[in-house]
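Comments concern the structure below.
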Protein chains: 2
Amino acid sequence: MTSPDSPSSIVGTAPGLPKTARGERTRTRILKAAEETFGTLGYHRAGIADITRAAGVASGTFYTYFSSKEQTLRELVQEMGRRLRAHLERETADAGDRLEAEEKGLRAFLQYLRDNPALYRVLQEAQFVDESIYRRYYESFGERYVRMLARATDRGEIRSGNDEVRVWALMGISNFIGLRYALWETEMDFDDIVATVSDLLRNGLAAGGGREKS
Amino acid sequence: MTSPDSPSSIVGTAPGLPKTARGERTRTRILKAAEETFGTLGYHRAGIADITRAAGVASGTFYTYFSSKEQTLRELVQEMGRRLRAHLERETADAGDRLEAEEKGLRAFLQYLRDNPALYRVLQEAQFVDESIYRRYYESFGERYVRMLARATDRGEIRSGNDEVRVWALMGISNFIGLRYALWETEMDFDDIVATVSDLLRNGLAAGGGREKS
DNA sequence: TTGAAACCTGAATCAGTATTCATGTTACGG
DNA sequence: CCGTAACATGAATACTGATTCAGGTTTCAA
């Protein structure tokens, strides 16, 4: 665990952060329970009672730490986003070039999503509860991504082009591939998937477009 | 209670289809109102009262034609999917090859989404109301798509590869590009977007991977 | 023209559930 | 050891909103 984030950055923070070790523990339990419950039941079907039951506390305790169900979702989206980014950065740190980083990134994303299926549901549902948090998530993700592509272009690893559009295309690929192969049908080998996408990114689809396989 | 029709094909069809011209008109008005209301307010925030108000009928009339709010969403997803597919088929019919069809298809999709923003919201929210309808939507879309890629491979237009994975990547691209550039920020020229994606599909990203621009 | 089926009405019902609050219980600095 | 702030409880509150229903109105085939 890293040190707790400064509360000043978060806008609508709850009724005050916990002041004792016990409170800290309880708050964490509730947040984890919310993640699981939203992840399996979905935001709307999940009741506060479901969350508190999963956390092993009374329903009123929820409001000691969170101002509302919606606020909890917001906090969850931010935290899950941070965790995913940290994971991806760790897993792509040793890539030799951008296209290798794309491969490692996609594989890491698939693995992460399979291990944390709640991420997908919480994030996608947040879109319709509070669109701004969803936009912020992808736009901040996209900004970093654009910078990485620009650097890769400078290094001569990829052709120059409209990197913003490319980034949204890339995020779309990960998203859909993840939904299909990490959440719905998990039997296909990640290696095959990554190889196919990598080939698409390196060479495109056109016949004779890139170097041949062998 | 009159003996209800027992339609064998469709499972949860409404309380019986309209039997007069007036009924037909009213049902259509309600369905259109539901599309608009779900599209702007979202499924959960939209009440039956909102829908019937928009349709100009009493709230009870809703249940003359639809068995539930959820059932209405299901019907809407199917109908909107049919309309989109018809549109895309029309717009890509005259493409000379697969990669040209991809260009025309993406442009047509963006245009359609900008003109029918409710499509996105209704479809994405349906995912969390009844996942099966959502899966069916993309899987049936995907199956046709795979067949088209296979045919294009036979014709030598694209390299052979794992077309299923490719199709999910392609659907992801359209989806995200559409969200960003047809719904959120509509000022970028579709031509730029299509050109960028087309270049990605034809040549990939790798430096020197494809034919140079000039 | 007529009567039965189809259609329309909107107030009432009814269940679910986020949030509050009055009342205990626990932690811990002094 | 206290005393007090922090924490925990769960029944009660307050409200929303989908669905029903008992009765009126319109349509249309005969």
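So that the names make sense, note that chain A is the first sequence line, chain B the second, and so on, each numbered from 1.
Ring pair A:Trp168/B:Tyr181 is perpendicular by interplanar angle, where above 60° counts as perpendicular and below 30° as parallel. A:Tyr138 and B:Phe176 have perpendicular rings, their planes meeting at more than 60° on a 0 to 90° scale where under 30° would count as parallel. Note: B:Phe128 and A:Tyr120 have tilted aromatic rings, judged against thresholds of 30 and 60 degrees for the angle between ring planes.
One interatomic measurement links the two molecules: CD of A:Glu24 to C1' of C:dA27, which rounds to 15 Å at whole-angstrom precision. Between the CZ atom of B:Arg29 and the C1' atom of C:dC8 there is a distance of 11 Å, rounded to whole Å. If you take CZ of A:Arg25 and P of C:dT26, they are 14 Å apart, rounded to a whole angstrom. A:Gln71 has its CD atom 15 Å from the C1' atom of C:dT19, to the nearest Å. Between the CG atom of A:Leu17 and the P atom of D:dA6 there is a distance of 13 Å, rounded to whole Å.
Comment: A:Arg98 engages A:Glu102 in a salt bridge, judged by a side-chain N to carboxylate O separation of less than 4.0 angstrom. Ion pairing of B:Arg45 with B:Glu125 is absent here, as no side-chain N (NZ or NE/NH1/NH2) approaches a carboxylate O to less than 4.0 Å.
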Subject >> Sequence-aligned protein contact record of nucleotides 8-22 of chain D, with B where the base is within under 4.0 Å of a protein heavy atom and S where only the sugar-phosphate is >> reply: SBBB------SBB--

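Using a 4.0 Å cut-off, no side-chain N or O of A:Thr20 falls inside it from OP1 or OP2 of D:dA5.
With B:Asp130 as the fixed residue, the salt bridge (charged side-chain N to carboxylate O under 4.0 Å, His left out) test singles out one of B:Arg135, B:Arg136, B:Arg74: B:Arg74.
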